Amino acid sequence: MFEVAAPDFSLQASLSSGQTFRWHAHDGWFYGFIGPSVVKVRQEDGRLLYESSDPALTPDQLRRYFALDLDLPGILSSINVDIQVHGAIRRHRGLRVLRQDGWETLASFICASFNNIKRIEGMISRLCAAFGEPVALNGFRGFSFPQPEAVAGASERRLRSLGLGYRAPYLKATARLVADGTLPVAHLRHVDYDAAKRSLLGCDGVGDKVADCVALFGFEKYEAFPIDVWMERAMRYYFRHRRMTRARLHAYARRHFGPYAGYAQQYLYHDLRTARERSS
DNA sequence: CGCCAGGTGCTGA
DNA sequence: TCAGCACATGGC
């Protein structure tokens with residue numbers, strides 16, 4: 001058992017806010033993957049307790065994944081520019097944007113388009129069972145996320161049999177671009193938002209919204225502001241009567257919230273979704 | 001059953 | 001640049 005200090009952090013909010021699809025609550029722990037390593041993790045007060053089957057997993061890697069090195073209070077004060085986001089921050093303080101694997105994030109959000117989170121989780125789970133490697137930690141058994149080569153080599157029919165629907169050919173084509181190096185995922189972390197988004201938009205099944213999710217959750221582009229149906233609803237607060245295209249909402253939000261607009265988006269998104277649960 | 005879901009690609013103005 | 005349409009599937 002190990003632990004790291006985790007001030008200004010909510011593990012629950014971070015893992016349940018629709019940015020990741022592969023953590024499982026079990027026996028009071030969350031089980032998941034950080035890179036190739038299986039991890040179980042639990043929050044107690046201002047610290048994170050964790051255990052991994054991989055002795056090579058360092059505290060720094062854990063801190064990095066959960067973005068504990070970032071100054072969250074500073075980020076939140078920079079986006080705390082109106083009453084709506086203020087309420088979301090108050091209700092979910094501690095939510096952090098995770099630093100997930102780029103390829104996994106890209107593949108996951110191709111599956112996420114025009115879909116619901118429950119089904120996305122099922123699709124990704126079946127994808128891992130079909131093409132990933134089996135792993136275990138204590139009583140937990142799971143599968144690693146497949147390599148791009150494995151997905152690129154699968155038949156469209158096989159991918160459809162996992163329930164991917166019309167996304168199957170998109171995912172296969174994008175896996176091919178990653179596998180053959182046409183889309184240099186390792187490189188995208190080091191280029192700016194515009195360049196990263198342009199590259200991502202070259203993939204089948206990747207439009208503005210998916211590209212922004214992947215840039216934000218997989219490549220640390222914090223100015224990315226993904227707009228889905230929930231964010232369109234959230235943005236009604238800013239434009240009560242005028243009909244706005246997603247492109248205009250996107251431009252406004254980036255200007256309004258600044259370099260950490262992606263954090264504002266994640267707080268608003270999570271707040272709206274949990275508001276529905278609270279009221280039903 | 002009908003509606004909805006972290007939209008995209010294509011077509012035609 | 002924008003609107004309108006088809007698209008697979010399962011949760012609710």
Side-chain angles (χ1 to χ4, degrees), chain A residues 13-23 88 92 95-98 100 102 104-127 130 154-175 177 183 197-219 221-222 224-236 239 242-254 261-280:
Chain A
S14 303
L15 294 184
S16 66
S17 56
Q19 54 178 319
T20 182
F21 304 106
R22 235 153 56 87
W23 286 87
H92 307 292
L95 167 54
R96 288 175 186 258
V97 172
L98 308 176
Q100 301 181 69
E104 175 173 343
T105 306
L106 174 56
S108 296
F109 278 90
I110 287 173
C111 295
S113 76
F114 197 30
N115 208 344
N116 61 72
I117 288 182
K118 274 276 185 271
R119 186 169 161 237
I120 297 164
E121 290 169 348
M123 284 162 53
I124 293 173
S125 168
R126 289 189 293 276
L127 188 70
S155 68
E156 181 184 326
R157 178 194 303 276
R158 181 82 194 285
L159 294 174
R160 282 184 186 269
S161 78
L162 303 174
L164 298 196
Y166 62 86
R167 305 165 192 81
Y170 295 159
L171 182 62
K172 180 174 163 66
T174 294
L177 293 183
L183 183 75
K197 185 165 180 180
R198 217 169 20 253
S199 293
L200 292 166
L201 286 173
C203 302
D204 265 5
V206 178
D208 276 310
K209 187 270 174 182
V210 169
D212 275 324
C213 283
V214 178
L216 178 60
F217 304 136
F219 295 104
K221 310 308 178 200
Y222 298 113
F225 195 92
I227 297 185
D228 70 338
V229 293
W230 290 94
M231 285 310 297
E232 278 184 336
R233 288 169 200 153
M235 298 292 282
R236 283 182 197 157
F239 305 97
R242 268 189 293 169
R243 264 182 69 201
M244 301 286 276
T245 64
R246 287 193 173 189
R248 295 178 80 83
L249 294 176
H250 184 263
Y252 171 82
R254 289 192 60 202
Y263 260 87
Q265 182 277 157
Q266 199 56 17
Y267 272 81
L268 291 170
Y269 175 83
H270 188 55
D271 192 47
L272 207 56
R273 282 177 46 87
T274 54
R276 179 182 66 164
E277 291 164 13
R278 283 195 297 271
S279 67
S280 64

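Computation of the quantities below employed the complete heavy-atom set of this structure, encompassing side-chain atoms and omitting hydrogens, waters and symmetry-equivalent molecules. Every value quoted in this text rests on a predicted model; they were computed, and no experiment measured them. All chains are named by letter (A, B, ...) in the order of the sequence lines, taking the proteins before the strands, and each is independently numbered beginning at 1.
Rounded to whole Å, atom P of dT8(B) lies 12 Å from atom CD1 of Ile120(A). Note: CD1 (Ile124(A)) to P (dT9(C)) measures 17 Å, nearest angstrom. The separation between Tyr166(A) atom OH and dT9(C) atom P is 11 Å, rounded to whole Å. Rounded to whole angstrom, the span from the CZ atom of Phe225(A) across to the P atom of dG7(B) amounts to 15 Å. Taking atom CZ on Arg167(A) and atom C1' on dT8(B), their separation rounds to 10 Å, with Å as the unit. The interatomic distance linking Asn116(A) (CG) with dG7(B) (C1') rounds to 13 Å, in whole Å. If you measure from atom CG of Leu201(A) to atom C1' of dC10(B), you get 16 Å, rounded to the nearest angstrom. The separation between Arg126(A) atom CZ and dT9(C) atom P is 11 Å, rounded to whole Å.
Summarising the geometry of Arg160(A) relative to Pro169(A), their closest heavy-atom pair is NH2-CD, 4.0 Å, with the distance given to 0.1 Å.
Within the 4.0 angstrom heavy-atom criterion, only backbone atoms of the sugar-phosphate kind lie near Cys203(A); the bases stay farther away. In this structure, Gly205(A) reaches the sugar-phosphate backbone alone: every heavy-atom distance under 4.0 Å involves primed, P, OP1 or OP2 atoms, never a base. Residue Glu232(A) is classed as having no contact, given no heavy-atom separation below 4.0 Å to the nucleic acid. As judged by a 4.0 angstrom heavy-atom cut-off over every strand, Ser17(A) is placed among the base-contacting residues. Leu164(A) comes within contact range of no nucleotide atom at all, as no heavy-atom separation falls under 4.0 Å. Nucleic acid contact for Tyr170(A): sugar-phosphate only, since backbone atoms but no base atoms lie under 4.0 Å from a heavy atom of the residue.
Comparing Arg119(A) and Arg248(A) against DNA chain C, the residue whose closest nucleotide sits nearer the 5' end is Arg248(A). Between Val206(A) and Gln266(A), the one whose closest nucleotide on DNA chain B sits nearer the 5' end is Gln266(A). Along DNA chain C, the nucleotide nearest Lys118(A) and the nucleotide nearest Asn115(A) are compared for position; the residue whose nucleotide lies closer to the 5' end is Asn115(A).
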Any chance you could lay out the salt bridge (charged side-chain N to carboxylate O under 4.0 Å, His left out) test for Arg236(A) and Glu232(A), step after step, and finish with the verdict? CA-CA 7 Å; Arg236(A) 283 182 197 157; Glu232(A) 278 184 336; over 6 Å; no

Applying side-chain contact (heavy atoms from CB on, under 4.5 Å), run through Leu268(A) and Leu272(A) and close with a yes or a no. CA-CA 6 Å; Leu268(A) 291 170; Leu272(A) 207 56; over 6 Å; no

Working for side-chain contact (heavy atoms from CB on, under 4.5 Å), residues His250(A) and Asp208(A): CA-CA 10 Å; His250(A) 184 263; Asp208(A) 276 310; over 6 Å; no

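Ring geometry, Trp230(A) versus Tyr269(A): the interplanar angle exceeds 60°, so the pair is classed perpendicular (tilted spans 30 to 60°). By the 30° and 60° cut-offs, the orientation of the rings of Tyr263(A) relative to Tyr222(A) is tilted.
At the phosphate of dA5(B), OP1 or OP2 sits under 4.0 Å from a side-chain N or O atom of Arg233(A).
dA8(C) and dT11(B) have their P atoms separated by 15 Å, with the value rounded to a whole Å.
Closest to the Lys209(A) side chain, of the nucleotides dC2(C), dG7(B), dA8(C), is dG7(B). The side chain of Phe114(A) has dC7(C) as its nearest neighbour among dT9(C), dC7(C), dC2(C).
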